[in-house]
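Data first, discussion second: the structure below is written as structure tokens.
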There are 2 protein chains.
Amino acid sequence: MASRNATPLVHPDTDALVFTDVLTALSDPLRLAVVAELAEGAEKPCGSFRLPVSKSTQSWHFRVLRESGVIRQRDDGNRRLNSLRRDDLDARFPGLLALALREAQALRVPPEDSPDSNGPPPP
Amino acid sequence: MASRNATPLVHPDTDALVFTDVLTALSDPLRLAVVAELAEGAEKPCGSFRLPVSKSTQSWHFRVLRESGVIRQRDDGNRRLNSLRRDDLDARFPGLLALALREAQALRVPPEDSPDSNGPPPP
DNA sequence: CATCATGTTCGACTGTAAGCGAACATGATG
DNA sequence: CATCATGTTCGCTTACAGTCGAACATGATG
């Protein structure tokens, strides 16, 4: 469904990143989670994030992230691979990404109350 | 209209600041302008900002800023004085405010096209 | 080639953000 | 005390963000 005549995957130039747009993109917990996962480094297809929303909604969130310049997307056969525009973000808004990642970590399933961090999550 | 029985001016604790809420607060150009103006240091009453929206809308924006923990408000007789919670923000999200201020500066009436930055703005 | 997997797009719906004016509350001022 | 200045609150609109399911497009796979 990817590399054909449709929307040609627009990415804003590094120096065209808009601060308020990036903040808006990062102000959503779901998108912040995606960013955190991409921060691990590897390119990941959209479907690999297990987001608790429908596919169409996922598409929407990835689009917001791409169009604000937070992530890069490229088509690889069937799948659309996502990566973090870390260098661009660091160049344009130094420190912002680090901050976002730190907070995304904190947001990540606040440790229920188990004394040791073991065992599977309760059903 | 201020210090009476109404809403008692709630401010979130420093360690209770929510990242996504702060980002949302800062992602609005109008509110960003307010933050920039408060960054000059002085306490300023709401009416002194000359925002291009109605009074009720201004009240709304100040409320968003206060409840997200970006600004502090206190009543002084007739007026409600605003100040930036700089220390709290720096403690909780180091670097974020500096970044926002830098970008707010950049947003500030993008230099029309006058070769030298002189003369009053055209009517 | 038929089917499946991966994503996007479209239209509709819902909720919230942002805007306004009118009414109100209160402190300052004449 | 009457009036003015400063802000908030209360509906009420309007715009947009977020969500979904259905339909579609395309690459991969049997």
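All chains are named by letter (A, B, ...) in the order of the sequence lines, taking the proteins before the strands, and each is independently numbered beginning at 1.
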Given atom CG of A:Leu65 and atom C1' of D:dA17, what is their separation to the nearest angstrom?
14 Å

Can you tell me how far C1' of C:dG7 sits from CD1 of A:Ile71, to the nearest Å?
13 Å

Can you list everything that forms a salt bridge (charged side-chain N to carboxylate O under 4.0 Å, His left out) with B:Asp21? Sequence neighbours excluded, please.
none

To the nearest Å, give me how far apart CZ (A:Arg79) and C1' (D:dT29) are.
14 Å

May I have the distance from B:Asn82 (atom CG) to D:dT6 (atom C1'), rounded to whole angstrom?
12 Å

Does anything in residues 44-60 of chain A come within less than 4.0 Å of DNA chain D? Heavy atoms only, and list the residues if so.
A:Val53, A:Ser54, A:Ser56, A:Thr57, A:Trp60

Near DNA chain D, under 4.0 Å by heavy atom, which residues of residues 25-42 of chain A?
A:Asp28, A:Arg31

Could you tell me how far apart A:Asn78 (CG) and D:dG27 (C1') are, to the nearest whole angstrom?
4 Å

Answer yes if A:Leu101 and B:Leu96 sit in the same cluster of Ile, Leu, Val, Met, Phe, Trp and Tyr residues linked by side chain heavy atoms under 4.5 Å apart, and no otherwise.
yes

Reading DNA chain D 5' to 3', what string of ( ), [ ], | and . shows its pairs, if Watson-Crick and G-U wobble pairs count only when both distances fall under 3.5 Å?
||||||||||||||||||||||||||||||

Note: B:Asn82 and B:Arg80 closest approach over all heavy atoms is ND2-O, 3.4 Å

State whether a side-chain donor-acceptor pair under 3.5 Å links B:Ser27 with B:Thr24.
no

Does one hydrophobic cluster hold both A:Val64 and A:Leu97, with members joined at side-chain heavy-atom distances below 4.5 Å?
no

Could you check whether A:Arg72 pairs with A:Glu43 (Lys NZ or Arg NE/NH1/NH2 to Asp/Glu carboxylate O, under 4.0 Å)?
no

Check: A:Ser54/A:Thr57 side-chain N/O donor and acceptor closer than 3.5 Å
yes

Below the 4.0 Å mark, does D:dT19 have OP1 or OP2 next to a side-chain nitrogen or oxygen of A:His61?
yes

A:Asp75 has an atom CG; how far is it from atom P of D:dA25, in whole Å?
16 Å

Quick one: salt bridge (charged side-chain N to carboxylate O under 4.0 Å, His left out) partners of B:Asp28, sequence neighbours excluded?
none

Could you report the tightest heavy-atom contact between B:Leu30 and B:Pro52, atom names first, then the distance?
CD1-CD, 4.1 Å

So which residues get pulled into B:Val18's cluster when ILVMFWY side chains under 4.5 Å apart are joined, directly or through others?
none

Are the side chains of A:Arg85 and A:His11 in contact, using a 4.5 Å heavy-atom criterion?
yes

Rounded to whole Å, how long is the line connecting atom CZ of B:Arg74 with atom P of D:dT8?
15 Å

Rounding to a whole Å, what distance do you find between B:Leu9:CG and C:dT26:P?
15 Å

